[in-house]
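Keep in mind the model is a prediction, meaning the values are calculated, not measured. Naming: A, B, ... by sequence-line order, numbering from 1 per chain.
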Protein chains: 2
Amino acid sequence: MGSNIKDVAKLANVSISTVSRVINNAPNINPETKKRVQDAIEKLNFKPNRLAQSLGSGSFRSIGIVSARSSNQGFVPLILQSISEVADEGNYEIILNNSVGEKKEIEKCLSMIDSKVIQGLLLLSSRINDNLIEKLYELDFPFVVLGKVVNEFLSDKVFSVDTDNLSDCEEAINYLVSLGHKRIGCIHAPLNYVVSKERLEGYIEAHKKAGIPVDYSLVENGGYSINEAYEATLKILKTENPPTAIFATDDIKAIGAYKAILELGLRIPENISLIGHNNYDISQITVPPLTTIDVPILELGRVATRKLIDIIEGKRPPIRTILDTRFIIRESCRKLNA
Amino acid sequence: MGSNIKDVAKLANVSISTVSRVINNAPNINPETKKRVQDAIEKLNFKPNRLAQSLGSGSFRSIGIVSARSSNQGFVPLILQSISEVADEGNYEIILNNSVGEKKEIEKCLSMIDSKVIQGLLLLSSRINDNLIEKLYELDFPFVVLGKVVNEFLSDKVFSVDTDNLSDCEEAINYLVSLGHKRIGCIHAPLNYVVSKERLEGYIEAHKKAGIPVDYSLVENGGYSINEAYEATLKILKTENPPTAIFATDDIKAIGAYKAILELGLRIPENISLIGHNNYDISQITVPPLTTIDVPILELGRVATRKLIDIIEGKRPPIRTILDTRFIIRESCRKLNA
DNA sequence: TTTGTTAATGGAAGCGTTTTCATTTTTCAA
DNA sequence: TTGAAAAATGAAAACGCTTCCATTAACAAA
């Protein structure tokens, strides 16, 4: 209990340099010496003090996760799981930054960086005017963004992993259009997040391409909670000329929409077609099951973490990686009668 | 950029000891000296190297979270938020241990402890045969468990924060009984987690007290996912003598139950009454809204984290804290006709 | 043999703090 | 006015590693 490298060195009858070499798997060690040191380590149950190692080497091997950014609560536990997986493999610790509010978030990040606690940062999403991203870029600190960086100067300089939100949302709307829908509502998330804006843009773009004018009275901010989405849906459905279909940019919002639709005595898909996004578990279980877009959340976390570790270790991974999504047709949409 | 305590000392014309004292708010510093040092710190934008501080002081000020324990995915982001809040206040970092599987989980914990990375550990739930708890207790390492410790030797020695699952589940069953229900099903989580077992026990206990025999063909393991709960409910409903009410030990499972019930052409609450547990957002939005039990998740996280920090800092907080839950009657239950 | 290389190891100087102990300075009661 | 206690500060030894540099040993080529 409480042995240090010195004790090991003494027991193995070598210098602490040699012990350090064994610990770090350095080349050019006599196999016999190595064995002797390893035996001593075992015997003393020696575990290197990570703080001392870090101070000596200059790296604590840890990555920070800026998680409060993800408005989407279903997302977080899933992605943390895959991030942990990869971080563990690379022998990195994960330090959480859950600060709420941009100011506190930035403060906490800078503090962790300045005090040498973290070697890299993973942002779980990107914002439209992302001050943190700008700061990190200026500092030349290793970081990866999950999502698109919209700042025109930075967009091709910042490492990111993402899906193609624009086109997958277009696909969803195209599908509705192909079923004959022309009045399609949209419940989106707050637009200061890039992902939210992109999804809305996909909705708009598809309309343009189909030659259908967007009726903005059918487009509502559904906030972050089921309940806000419910309210937003209600609003849309109570417009003078209500939609025949609704696209929710997130399954959780779709859940709120279900509620509103049912409450007004309408049925899905008979009266209203509904599409979600993300393919959370719950989308399979709704009645009827929800047509949605599958996002490879775990893979997103894995790829991003690998990329971040590469950057930290001086490699040059691709700047931007786009992962595929998958449109999943279930039973929440129907063909509109002519 | 990259200044250290030495630079500050030089600029302020004092020794590094004095700078250290200022940083750490030690007593007995001349206010003028202090001012001078603070100015120098500001001027050089000096931020103490946390790793060096830790090595010097022997504490990195960080707590580990064993999170993969929580089978309950809705729980994690919420509680992480409140944990972060309190940890930030106390100037502690949060390091995530998301290892899957008991063996890896224990390994990772011990490794973090041995290598001095963490000063305390928060277990997001307890298991029936909890080897990690035993190990931590033997090591006399600071830790807090969210949930009950059932090992008879340890139960009154391990710090914990919890709610009274047994009695809140009893209350739920009592309510159903008061509505005239005698055949009540139960969808529970895997019983290797204490909380799952307790909730089932509450169900059983209430039956006993009411003089109603428990029919174990109505008790099913609903696993971790909505889908497993759905399957379990289906099984219960298809028994020869199906129940008139179902208690799901978690709202997520209740969602699975909704699906199964509706699918069989039954209605809630007309044909089947349903009660959940935890009062997640979604329970308000189901049709009809779900009667459930509110658990103060955020408060649970806050109290546990405060307790852990107290332990780390040598104080003696109460061994066990029980927080109140609240039975929330909504519209998913009805009185049974005689 | 001698020389040049490479493998294997040790010594010691960091890394950037905290903390103990000693020393100097100040304060204040007698 | 003195002396003891308290306040303020500094010097230097930790803390437990990594890593650079030097040294020795081994071995092959000349």
Basic-acidic side-chain contact under 4.0 Å: Glu42(A), Lys35(A): no
Hey, can you pull the donor-acceptor pairs under 3.5 Å for the side chains in residues 79-88 of chain A, sequence neighbours left out?
unit_1: Ser82(A); atom_1: OG; unit_2: Ile79(A); atom_2: O; d: 3.2
unit_1: Ser82(A); atom_1: OG; unit_2: Leu298(A); atom_2: O; d: 2.9
unit_1: Ser84(A); atom_1: OG; unit_2: Leu80(A); atom_2: O; d: 2.9
unit_1: Ser84(A); atom_1: OG; unit_2: Asn98(B); atom_2: ND2; d: 3.2
unit_1: Glu85(A); atom_1: OE2; unit_2: Arg302(A); atom_2: NE; d: 3.0
unit_1: Asp88(A); atom_1: OD1; unit_2: Lys108(B); atom_2: NZ; d: 3.3

Round to the nearest Å and state the distance from Leu55(B) atom CG to dT17(C) atom P. 12 Å
All pairs passing ring-ring contact (aromatic ring centres under 6.0 Å, His included) where residues 115-161 of chain A contributes a residue, at least two apart: none
Would you say the side chain of Ile133(B) lies within less than 4.5 Å of the side chain of Leu136(B), judging by non-hydrogen atoms? no
Nearest-angstrom distance from the residue atom CZ of Arg36(A) to P of dA8(C): 13 Å
Length of the line joining Lys10(A):NZ and dG10(C):P, which is rounded to integer Å: 15 Å
Starting from C1' on dA14(D), measure out to CD on Gln53(B) and report it in whole angstrom. 16 Å
Leu124(B) vs Val66(B) side-chain heavy atoms within contact, under 4.5 Å: no
Rounded to whole angstroms, how far apart are CG on Asn4(B) and P on dG14(C)? 13 Å
Any base atoms under 4.0 Å from Leu51(A), or only sugar-phosphate, or nothing? Heavy atoms, all strands. nothing
What is the distance, rounded to the nearest whole Å, between atom CD1 of Ile16(B) and atom C1' of dC15(C)? 12 Å
Quick check: does any side chain N or O of Asp114(A) sit under 3.5 Å from a backbone N or O of Ser111(A), one acting as donor and the other as acceptor? no
Is the distance from OP1 or OP2 of dA11(D) to the nearest side-chain N or O of Ser15(B) less than 4.0 Å? no
What integer distance in Å separates Asn49(B):CG from dT18(D):C1'? 14 Å
Phosphate contact (dT18(C) OP1 or OP2) by Ser57(B) side-chain N/O below 4.0 Å: no
For DNA chain D, what residues of residues 20-34 of chain A have any heavy atom nearer than 4.0 Å? Ser20(A), Arg21(A), Asn24(A)
Expressed in angstrom and rounded to an integer, what is the separation of Asp7(A) atom CG from dG16(D) atom C1'? 11 Å
For dG11(C) and Ser17(A) - does any side-chain N or O of the residue sit under 4.0 Å from the phosphate oxygens OP1/OP2? no
Return whichever of Val14(A) or Lys6(B) has its heavy-atom-nearest nucleotide of DNA chain C closer to the 5' end. Val14(A)
Name of the residue among Glu102(A), Lys103(A), Glu105(A) meeting side-chain hydrogen bond (donor to acceptor under 3.5 Å, both in side chains) with Asn131(A): Glu102(A)
